[in-house]
Amino acid sequence: MLKHLYDTDCVTWSPQGKLFQVEYAMEAVKQGSICLGLKSNENVVLCSLKRQPSELAGYQEKQFKIDDHMAIAIAGLTADARVLCKYMRTECLEYKYTYESHHPVGRLVYKVAEKSQHKTQSGAKRPYGVGLLVAGIDPNGVHLFETCPSGNYYEYKCQAIGSRSQAARTYFESWFHLFEKSTLEQLILHGLSAIKKAIMEDEELNEKNVEVGILGKNQKFTHLNAQELRDYIAKLDAFNPNSQIQQE
């Protein structure tokens with residue numbers, strides 16, 4: 001009962017020093033289906049597990065293209081993600097019209113984080129209930145950022161968010177030292193392997209419930225098609241990260 005006295009808005013602090021509305025938004029991210037990203041010196045890969053609300057519905061999209069050099073994967077409320085996606089696309093267009101170049105990835109992530117943080121400063125608003133993994137390439141290199149409903153943002157070599165994402169992060173902790181020099185194919189297989197570690201035992205990866213987006217220094221953002229996904233999933237059983245160490 002004590003909690004309900006302090007969670008009616010996002011500007012009231014509890015005696016424990018918490019903002020419950022912000023924590024609820026963070027919980028929405030944890031309950032969303034898993035998405036992850038990982039990068040090398042040349043490429044960045046986003047992998048997402050898609051869900052369908054019922055057998056009569058289609059699978060929910062989890063990745064959105066922002067610009068040719070940038071894309072996001074989401075965990076949490078899709079409606080909130082669409083608002084942020086539209087904002088990011090608008091910022092990229094305005095920057096391109098003004099400066100005739102792509103928007104720097106880190107600067108746009110900062111703008112999104114600032115926009116999210118503003119939602120925690122007014123009692124008439126609520127935090128965005130979505131976390132983003134932002135993949136991008138600019139003159140400063142290859143980037144993978146995470147943004148949080150609280151307004152925090154971090155840059156990662158690899159990261160997973162959403163339901164059961166700890167299993168994927170454990171996989172990354174074991175093999176992230178290989179990613180820097182990995183080929184695009186190896187990155188994709190690492191991403192699918194991490195997704196496979198995080199799904200339920202009775203689930204099976206297939207081209208319908210998994211989504212893979214790729215971005216490279218010489219390649220615009222694109223999604224793997226169904227046949228390419230089937231081919232990569234078929235390679236998972238034979239994929240051994242230790243063989244990559246031996247090749248190096």
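Along the sequence shown, residues carry numbers from 1.
- Hydrophobic clustering (ILVMFWY, side-chain heavy atoms < 4.5 Å, transitive): L224 and V44 are in distinct clusters.
- The backbone N or O of Q186 lies less than 3.5 Å from no partner atom in the side chain of S182, so there is not a single donor-acceptor pair.
- Within a 6.0 Å sphere centred on CD of E180, other residues, nucleotides and ligands contribute 12 heavy atoms or fewer.
- Heavy atoms only, all atoms of each residue included: V22 and S150 are closest at CG1-CB, 3.8 Å.
- In this structure, C35 and I161 have side chains that are in contact, with non-hydrogen atoms separated by less than 4.5 Å.
- Residue F179 is grouped with residue V212 when hydrophobic side chains (ILVMFWY) are merged at heavy-atom distances under 4.5 angstrom, including chains of intermediate members.
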- Apply side-chain contact (heavy atoms from CB on, under 4.5 Å) to S163 and I34, showing your working. CA-CA 5 Å; S163 177; I34 184 175; 5.7 Å; no

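- Residues P127 and Y24 are not in side-chain contact: their nearest non-hydrogen atoms beyond the backbone lie 4.5 Å or more apart.
- No more than 12 heavy atoms of other residues, nucleotides or ligands shown are found within 6.0 angstrom of CD on E204.
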Under 3.5 Å, which donor-acceptor pairs do the side chains of residues 93-104 form with other protein atoms, sequence neighbours left out?
{"residue": "K96", "atom": "NZ", "partner": "D67", "partner atom": "OD1", "Å": "3.4"}
{"residue": "T98", "atom": "OG1", "partner": "E94", "partner atom": "O", "Å": "2.8"}
{"residue": "H103", "atom": "NE2", "partner": "K111", "partner atom": "NZ", "Å": "3.0"}

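- A heavy-atom distance below 4.5 Å is found between the side chains of I214 and L184.
- Side-chain atoms of K208 and Y59, non-hydrogen and from C-beta on, do get closer than 4.5 Å to each other.
- No more than 12 heavy atoms of other residues, nucleotides or ligands shown are found within 6.0 angstrom of NZ on K157.
- Side-chain heavy atoms closer than 4.5 Å link hydrophobic residues (I, L, V, M, F, W, Y) into clusters, and following such links, even through other members, never connects L19 to Y6.
- Put simply, L178 and Y171 are part of the same group of oily side chains (I, L, V, M, F, W, Y) that touch within less than 4.5 Å, one to the next.
- Ion pairing of E185 with K235 is present here, as a side-chain N (NZ or NE/NH1/NH2) and a carboxylate O approach within less than 4.0 Å.
- At least one side-chain heavy atom of L205 sits less than 4.5 Å from a side-chain heavy atom of L49.
- With rounding to the nearest 0.5 Å, the separation of NZ in K30 from CD in Q166 is 11.0 Å.
- Side-chain N or O atoms of E228 include one that pairs as donor or acceptor with a backbone N or O of N225 at under 3.5 Å.
- For D138, the side chain to side chain donor-acceptor pair (under 3.5 Å) test picks out H143, with sequence neighbours left out.
- Between E155 and K39 there is a salt bridge, with a side-chain nitrogen of the basic residue lying less than 4.0 Å from a carboxylate oxygen of the acidic one.
- Contact annotation: the side chain of V210 approaches that of L229 to within less than 4.5 Å [non-hydrogen atoms, C-beta and beyond].
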- Passes side-chain contact (heavy atoms from CB on, under 4.5 Å), K197 versus T170? Steps please. CA-CA 9 Å; K197 295 284 186 181; T170 300; over 6 Å; no

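- Annotation for L36 and A194: closest pair CD2-CB, 3.7 Å, computed over non-hydrogen atoms.
- Heavy-atom minimum distance, Q21 versus C10: CB-CB, 3.6 Å.
- Remark: E207 engages R230 in a side chain to side chain donor-acceptor pair (under 3.5 Å) (not counting sequence neighbours).
- Side-chain contact between V142 and N41 is absent, with no heavy-atom pair separated by less than 4.5 Å.
- A distance of 9.0 Å separates CG in N209 from CD1 in I195, rounded to the nearest 0.5 Å.
- In this structure, SG in C47 is found 6.5 Å from CG in L38, a value given to the nearest 0.5 Å.
- Under the 4.5 Å side-chain criterion, counting only non-hydrogen atoms from C-beta, R164 is in contact with M200.
- The two residues S116 and C148 come nearest to each other via the heavy atoms CB-O, 4.0 Å.
- Under the 4.5 angstrom side-chain criterion for Ile, Leu, Val, Met, Phe, Trp and Tyr, the cluster partners of I74 are F64, I66, M70, I72, V83, L84, Y87, M88, V105, L108, V109, Y110, V112, Y128, V130, L132, V134, F145, Y153.
- When every heavy atom of S165 is checked against every heavy atom of G162, the shortest pair comes out as OG-O, 2.9 Å.
- Of all heavy-atom pairs between P149 and A25, the closest is CB-CB, 3.7 Å.
- Between the OG atom in S33 and the CD atom in Q60 there is a gap of 8.5 Å [rounded to 0.5 Å].
- In this structure a side-chain-to-backbone donor-acceptor pair under 3.5 Å is missing from Q31 to A28.
- Within the structure, ring pair (Phe, Tyr, Trp, His ring centres under 6.0 Å) contacts touching residues 194-223 (residues at least two apart or in different chains) are F221-H223.
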- Query: Passes side-chain contact (heavy atoms from CB on, under 4.5 Å), W175 versus C158? Steps please.
  - Reply: CA-CA 10 Å; W175 304 110; C158 50; over 6 Å; no

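- Although no hydrogens or angles enter the test, the distance criterion places a donor-acceptor pair under 3.5 Å between the side chain of D9 and the main chain of T12.
- The CD1 atom of I188 sits 8.5 Å away from the OG1 atom of T183 when rounded to the nearest 0.5 Å.
- More than 12 heavy atoms of other residues, nucleotides or ligands shown are found within 6.0 angstrom of NZ on K65.
- No donor-acceptor distance shorter than 3.5 angstrom exists from the side chain of Q63 to the backbone of A73, with no hydrogens or angles considered.
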- For the pair E203 and R51, evaluate salt bridge (Lys or Arg N to Asp or Glu O under 4.0 Å) and give the outcome as yes or no after the intermediate values. CA-CA 11 Å; E203 283 186 293; R51 302 287 189 188; 2.5 Å; yes

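- Counting only N and O atoms by type, the side chains of R82 and T78 include no donor and acceptor under 3.5 Å apart.
- L187 and Y156 fall into different hydrophobic clusters, where Ile, Leu, Val, Met, Phe, Trp and Tyr residues are linked whenever their side-chain heavy atoms come under 4.5 Å apart, directly or through other members.
- The salt bridge (Lys or Arg N to Asp or Glu O under 4.0 Å) check on R126 picks up D80, with sequence neighbours excluded.
- If you look at H190 and F172, their ring centroids are not closer than 6.0 Å.
- Taken to the nearest 0.5 Å, the CZ atom of F20 stands 14.5 Å off from the CE atom of M26.
- Side-chain N or O atoms of S48 include none that pairs as donor or acceptor with a backbone N or O of K50 at under 3.5 Å.
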